[in-house]
Amino acid sequence: MPARTTVEAFIALVISGDHVGAIRDWYHDDAWTQENQAPPLQGGREALMKREAAMMERSQSVRTELLGGPMIEGDQVAIRWCFTFVFKDGGKLQQEEVAWQTWRGEKIATETFFYDPAQRG
């Protein structure tokens, strides 16, 4: 079960814009993530960092807002986010989502992102 201060430190790093660093520092080696009901992204922390770095590379800017939470119940953590991406190609994406995390000790083991796919237009 994560300490509240641990979860708050994770949130602070994400809000700072260091999304890849948040994965590096706060995810287990064998962690996986999932988008809505899609199959989980396997490959562990390294694969997650690579995917996130590619998204950041496509982005001119990213604004991250904490909209709610964290709600912590044992090993389960829920966080409501809003991410606004401005891409180098001129595109823009604003997405609200809820991240449902399962922590193992002081690190994230699994994370599913729930959002309305229509936001991706």
Side-chain angles (χ1 to χ4, degrees):
M1 178 170 102
R4 176 166 286 280
T5 55
T6 298
V7 177
E8 289 171 350
F10 163 75
I11 290 169
L13 194 54
V14 175
I15 289 173
S16 80
D18 189 0
H19 295 208
V20 176
I23 295 168
R24 178 196 64 229
D25 294 350
W26 298 107
Y27 288 64
H28 276 281
D29 289 342
D30 61 348
W32 56 262
T33 64
Q34 181 177 19
E35 304 277 336
N36 284 332
Q37 301 304 311
L41 177 63
Q42 303 289 337
R45 180 175 58 217
E46 293 300 320
L48 299 176
M49 289 171 55
K50 185 176 179 180
R51 180 174 179 234
E52 194 69 19
M55 181 68 157
M56 293 297 127
E57 178 60 31
R58 292 181 22 227
S59 302
Q60 178 180 328
S61 66
V62 181
R63 187 179 78 216
T64 304
E65 299 172 80
L66 176 66
L67 300 180
M71 296 185 342
I72 304 169
E73 181 66 34
D75 290 336
Q76 304 300 309
V77 175
I79 304 168
R80 183 175 168 212
W81 299 104
C82 182
F83 298 100
T84 304
F85 292 88
V86 176
F87 297 107
K88 291 176 181 174
D89 68 4
K92 185 176 177 180
L93 169 66
Q94 184 172 24
Q95 179 168 296
E96 283 191 35
E97 66 184 35
V98 173
W100 181 263
Q101 304 168 334
T102 300
W103 289 63
R104 198 166 60 232
E106 295 292 303
K107 294 196 181 239
I108 299 166
T110 69
E111 184 171 40
T112 302
F113 304 103
F114 295 97
Y115 55 86
D116 179 356
Q119 295 177 94
R120 294 198 163 191

**Q.** Candidate pair Lys88 and Ser59, rule side-chain contact (heavy atoms from CB on, under 4.5 Å), full reasoning
**A.** CA-CA 5 Å; Lys88 291 176 181 174; Ser59 302; over 6 Å; no

Q.
Side chains of Gln101 and Glu111: any donor to acceptor distance under 3.5 Å?
A. yes

Q) Do Asp30 and Lys107 sit within salt-bridge range, that is, some charged N less than 4.0 Å from a carboxylate O? A) no

Q: Give, for atom CH2 of Trp26 and atom CD1 of Ile108, the distance between the pair rounded to the nearest 0.5 Å.
A: 9.0 Å

Q) Below 4.5 Å, heavy atoms only, C-beta onward: do Asp25 and Leu13 meet side chain to side chain? A) yes

(Q) Please evaluate residues Ile15 and Leu66 with respect to the criterion side-chain contact (heavy atoms from CB on, under 4.5 Å), reporting the C-alpha separation (whole Å), side-chain torsions for both, the decisive distance (0.1 Å), and the verdict. (A) CA-CA 7 Å; Ile15 289 173; Leu66 176 66; 3.9 Å; yes

Q) Looking at CD of Gln60 and CZ of Arg58, how far apart are the two atoms once the value is rounded to the nearest 0.5 Å? A) 13.5 Å

Would you tabulate the side-chain donor-acceptor contacts of residues 40-48 under 3.5 Å, counting partners in other chains and residues two or more places apart, or write 'none'?
from	atom 1	to	atom 2	distance (Å)
Arg45	NH1	Tyr27	O	2.8
Arg45	NH1	Asp29	OD1	3.1
Arg45	NH2	Asp29	OD1	2.2

Q) Cluster partners of Val86, using ILVMFWY side-chain heavy atoms under 4.5 angstrom, listed by chain and number? A) none

Q. Counting N and O atoms only, with roles assigned by atom type, does the side chain of Gln95 sit under 3.5 Å from a partner on the main chain of Gln119, one being a donor and the other an acceptor?
A. no

(Q) How about CE on Met71, more than 12 heavy atoms from neighbouring residues, nucleotides or ligands closer than 6.0 Å, or not? (A) no

Q. If every non-hydrogen atom of Pro2 is compared with every non-hydrogen atom of Glu106, which pair is closest and at what distance?
A. CA-OE2, 3.3 Å

Q. Is Val14 reachable from Val98 through a run of I, L, V, M, F, W or Y residues, each pair having side-chain heavy atoms under 4.5 Å apart?
A. no

**Q.** Any residue meeting side chain to side chain contact (heavy atoms under 4.5 Å, CB included) with Ala53, in chain and number order, not counting sequence neighbours
**A.** Val20

Q) Do Ile11 and Ile79 come within less than 4.5 Å of each other through their side chains, counting heavy atoms only? A) yes

Q. Any side-chain heavy atom of Gln34 within less than 4.5 Å of one from Thr110?
A. no

(Q) Could you walk me through whether Phe85 and Thr64 satisfy the side-chain contact (heavy atoms from CB on, under 4.5 Å) test, starting with their C-alpha distance in whole Å, then the side-chain angles of each, then the deciding distance to 0.1 Å, before giving a yes or no? (A) CA-CA 9 Å; Phe85 292 88; Thr64 304; over 6 Å; no

Q | Hydrophobic cluster (4.5 angstrom, side-chain heavy atoms) - remaining members for Phe114 | A | Trp100

Q | Check: Met49 main-chain N/O paired with Glu52 side-chain donor or acceptor under 3.5 Å | A | no

Q: Please check if any side-chain donor atom of Gln76 sits under 3.5 Å from a side-chain acceptor atom of Thr102, or the reverse.
A: yes

Q | Side-chain donor or acceptor of Asn36 paired with backbone N/O of Ala38 under 3.5 Å | A | no

Q | Listed once per pair and sorted, the ring-ring contact (aromatic ring centres under 6.0 Å, His included) pairs that draw on residues 49-84, sequence neighbours left out | A | His19-Phe83, Trp81-Phe83

Q. Is the backbone N or O of Met1 less than 3.5 Å from a side-chain atom of Asp75, with the two atoms forming a donor-acceptor pair by type?
A. yes

**Q.** Residues that Glu73 engages under salt bridge (Lys or Arg N to Asp or Glu O under 4.0 Å), provided they are two or more places apart
**A.** none

Q) To the nearest 0.5 Å, what is the distance between OG (Ser61) and CZ (Phe87)? A) 9.5 Å

Q.
Could you check whether any side-chain heavy atom of Leu93 comes within less than 4.5 Å of a side-chain heavy atom of Thr84, counting everything from C-beta outward?
A. no

Q. Are any of the side-chain nitrogens in Glu35 or Arg51 under 4.0 Å away from the carboxylate oxygens of its partner?
A. yes

Q: Considering only NZ, NE, NH1 and NH2 on the basic side and carboxylate oxygens on the acidic side, decide whether Arg80 and Glu97 come within less than 4.0 Å.
A: no

